[in-house]
There are 2 protein chains.
Amino acid sequence: MAGNPPQPSTSHPLADFKVGVDNIIFSIDTAAHRLLVLLVMRQQQPFCDRWSLPGTLVRQGESLEDAAYRILDEKIKVENLYLEQLYSFGGPHRDPRESAGSYNVRYLSVSYFALVRFEEAQLIPNQSTGVAWYPIEEVPSLAFDHNQILEYGYRRLRNKLEYSPVAFDVLPELFTLGELYQFYLTVLGEGFSDYSNFRARLLKLGFLSDTGIKTSRGAGRPATLYRFDAEAFSPLKDKPLVFV
Amino acid sequence: MAGNPPQPSTSHPLADFKVGVDNIIFSIDTAAHRLLVLLVMRQQQPFCDRWSLPGTLVRQGESLEDAAYRILDEKIKVENLYLEQLYSFGGPHRDPRESAGSYNVRYLSVSYFALVRFEEAQLIPNQSTGVAWYPIEEVPSLAFDHNQILEYGYRRLRNKLEYSPVAFDVLPELFTLGELYQFYLTVLGEGFSDYSNFRARLLKLGFLSDTGIKTSRGAGRPATLYRFDAEAFSPLKDKPLVFV
DNA sequence: TCAAAAGTGTTGGAGCTACACCCATGT
DNA sequence: ACATGGGTGTAGCTCCAACACTTTTGA
């Protein structure tokens, strides 16, 4: 934590902060091949009537993570998700409110990055508040510096996918290798790997257990359902594992 | 930034924060084969007379990064360094000062992670303030949750080294491959790679330019001095490059 | 001449890429 | 029957670990 006590001297007065939490909520619609991000329409100044990342200010007695979950719960109903802190933006003059009247209070934003299961996520229709999934390539100009935050979060998402098993936090309990492949393809873009090579590599790693169950989605040969075996995966933790 | 305005209602009062910045300052003494971290002895409550990470509270008009550099400048004199934000710790009840009197003010800590060139870093002997380099394995019990923060920073350091060229921010302009190898060996520990393989791999990547200059450190065959060629490296940016 | 450090080369195996090809199902 | 997606196999290549070996210096 902070090192020095609030300095009694007047030469270098400390800044007073309100702390906000902004969430980048990603979801992957594998069927439509789309990476989506949740945006909300701002209802008040500043940046009224502009889209923005869903955010809130931290309340008394509330932790940063609590605040992040609170936003999530207000916007969508979801069971399975992955949540992680991203970055803190705290320079002066970030927020127009700082100059306006408020006793020199500064606004610091801690951004969180979330991944939710698309098929299960239900948008909560708020009173007149616009909430919508936007495909990542169609995101408009956002309030504050939210476009930069989003950019940063998108890079982090791609990195996370490549070296950690987040995909399984957000895929259904049972899934086919085709679904897994589509998932990666959607986020990482075309040409990251051939399907059959992806398949062979993942299976050789040994943490996908074959349930023996077959499932048929429309035409084509029925696919085997697999389950992520966390125990078999654990020895691979923090190895320089590559999924792509 | 934060989404909603300060709520006028009294049902959910917002928290007021002071924001601190804590630095994990690493340095690598390749000659002695030691990874060092800078600690300071606290001079005031809470945790008086305990070692801690160097930190400070953010002043009016000062950005987070400015504050991080200010700490650095107060403790050491150094030209070459790498600095990056690590993580923000902001739960309630982290800081004993919160309960004590201070109007419900909360303390949020943004930690930064720095790497400085050891040979060049000069500790600034502060008035009676203890400042010292500690080998990473000998770090004592620290104030606040600084041991956890340090643990987190150490992981990040190792990761950074493996996939990004931070080493060259902190190595001398000209260096031998032996020095580079020792550098990695010190942080990553024994047995990460054979010298000759490390050498062959790095040279094949093509961003180390041979200066032709030879240098002799004591016994043994003189070594060639190399220079990091940032331009030749740039195409490898954000590739899943592995140094180890 | 010997130890120490720099630098080169080789060899077997693992893993990746880019395919070609077979299998089971719906229409 | 054929299109569609699931699943298997393989040849050629790259890369890497492990180790043996040569070169150039200081003592």
Side-chain angles (χ1 to χ4, degrees), chain A residues 30-33 161-163 171-172 174-186 188-227 235-236 239-244, chain B residues 30-33 161-163 171-172 174-186 188-227 235-236 239-244:
Chain A
T30 44
H33 257 257
L161 273 196
E162 286 179 11
Y163 65 78
L171 244 46
L174 302 181
F175 51 88
T176 71
L177 287 175
E179 285 164 354
L180 184 60
Y181 180 68
Q182 292 305 322
F183 185 93
Y184 277 90
L185 203 59
T186 303
L188 268 18
E190 298 291 334
F192 79 96
S193 177
D194 175 280
Y195 172 65
S196 73
N197 292 332
F198 175 81
R199 178 192 175 76
R201 196 153 19 85
L202 267 284
L203 287 178
K204 184 154 25 181
L205 289 171
F207 53 75
L208 297 181
S209 53
D210 185 334
T211 64
I213 309 170
K214 303 287 179 188
T215 179
S216 193
R217 284 104 158 89
R221 175 173 172 176
T224 306
L225 286 172
Y226 287 84
R227 169 186 285 117
L236 303 175
K239 294 273 180 286
L241 181 56
V242 177
F243 283 83
V244 28
Chain B
T30 44
H33 256 258
L161 273 195
E162 286 179 12
Y163 66 77
L171 244 47
L174 302 180
F175 51 88
T176 70
L177 287 176
E179 284 164 354
L180 184 60
Y181 180 68
Q182 291 306 322
F183 186 93
Y184 276 90
L185 203 59
T186 303
L188 268 20
E190 297 292 333
F192 79 95
S193 178
D194 175 279
Y195 172 65
S196 73
N197 292 331
F198 175 81
R199 178 192 173 77
R201 197 153 18 87
L202 268 283
L203 287 178
K204 184 154 25 182
L205 288 171
F207 53 73
L208 296 181
S209 53
D210 185 334
T211 64
I213 309 170
K214 303 285 181 191
T215 180
S216 192
R217 284 104 156 87
R221 175 173 173 174
T224 305
L225 285 172
Y226 287 84
R227 169 186 284 117
L236 303 176
K239 293 274 180 285
L241 181 55
V242 176
F243 284 83
V244 30

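All values below were derived from every heavy atom in this structure, side-chain atoms included, with hydrogens, water molecules and symmetry-related copies excluded. Lettering follows sequence order; numbering is per chain, from 1.
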Discussion item. If you assign each of A/R221 and B/T224 to its closest nucleotide in DNA chain C, which residue comes earlier from the 5' end?
Written reply: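 The answer here is B/T224.
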Worksheet, complete the sentence: When rounded to whole Å, the CG to C1' distance for the pair A/L225 and D/dG7 reads 15 Å
Item to complete: Apply salt bridge (Lys or Arg N to Asp or Glu O under 4.0 Å) to A/R221 and list each qualifying residue two or more places apart in sequence or on a separate chain.
Response: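 Expected list: none.
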Worksheet entry | For A/S209, side chain to side chain contact (heavy atoms under 4.5 Å, CB included) partners two or more places apart | A/R227, A/D229
Discussion item. Using a 4.0 Å cut-off on heavy atoms, which residues in residues 206-219 of chain A reach DNA chain C? List them by number, or say none.
Written reply: A/G218, A/A219
Discussion item. Going by side-chain hydrogen bond (donor to acceptor under 3.5 Å, both in side chains), name the residues that satisfy it together with B/T215, two or more places apart in sequence or in a different chain.
Written reply: B/R217
Practice prompt. State which residues pass ring pair (Phe, Tyr, Trp, His ring centres under 6.0 Å) with A/Y181; sequence neighbours excluded, sorted by chain then number.
Written response: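 A/Y181 satisfies ring pair (Phe, Tyr, Trp, His ring centres under 6.0 Å) with A/F192, A/Y195, A/F198 only.
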Fill in: Reading 5' to 3' through nucleotides 8-15 of chain D, protein heavy-atom contacts under 4.0 Å coded B for base, S for sugar-phosphate only, - for none
BB------
Worksheet item: For B/P222, what residues pass the side chain to side chain contact (heavy atoms under 4.5 Å, CB included) criterion, not counting sequence neighbours?
Response: B/K214, B/S216
Worksheet, complete the sentence: B/N197 meets the side-chain hydrogen bond (donor to acceptor under 3.5 Å, both in side chains) criterion, sequence neighbours left out, with none
Item to complete: Return the set of residues passing side-chain hydrogen bond (donor to acceptor under 3.5 Å, both in side chains) with B/T211 (not counting sequence neighbours), or none when no residue passes.
Response: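 Checked B/T211 against side-chain hydrogen bond (donor to acceptor under 3.5 Å, both in side chains); zero matches.
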Worksheet entry | Closest approach of A/L236 to A/F207 (non-hydrogen atoms, all atoms of both residues) |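 Looking at all heavy atoms of both residues, the closest pair is CD1-CD2, 3.6 Å.
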Worksheet entry | Whole angstrom value for the distance that separates C1' of D/dG7 from CG of A/L177 | 10 Å
Worksheet entry | d(CZ, A/F198; P, D/dG6) in whole Å |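 It is 12 Å, rounded to the nearest whole Å.
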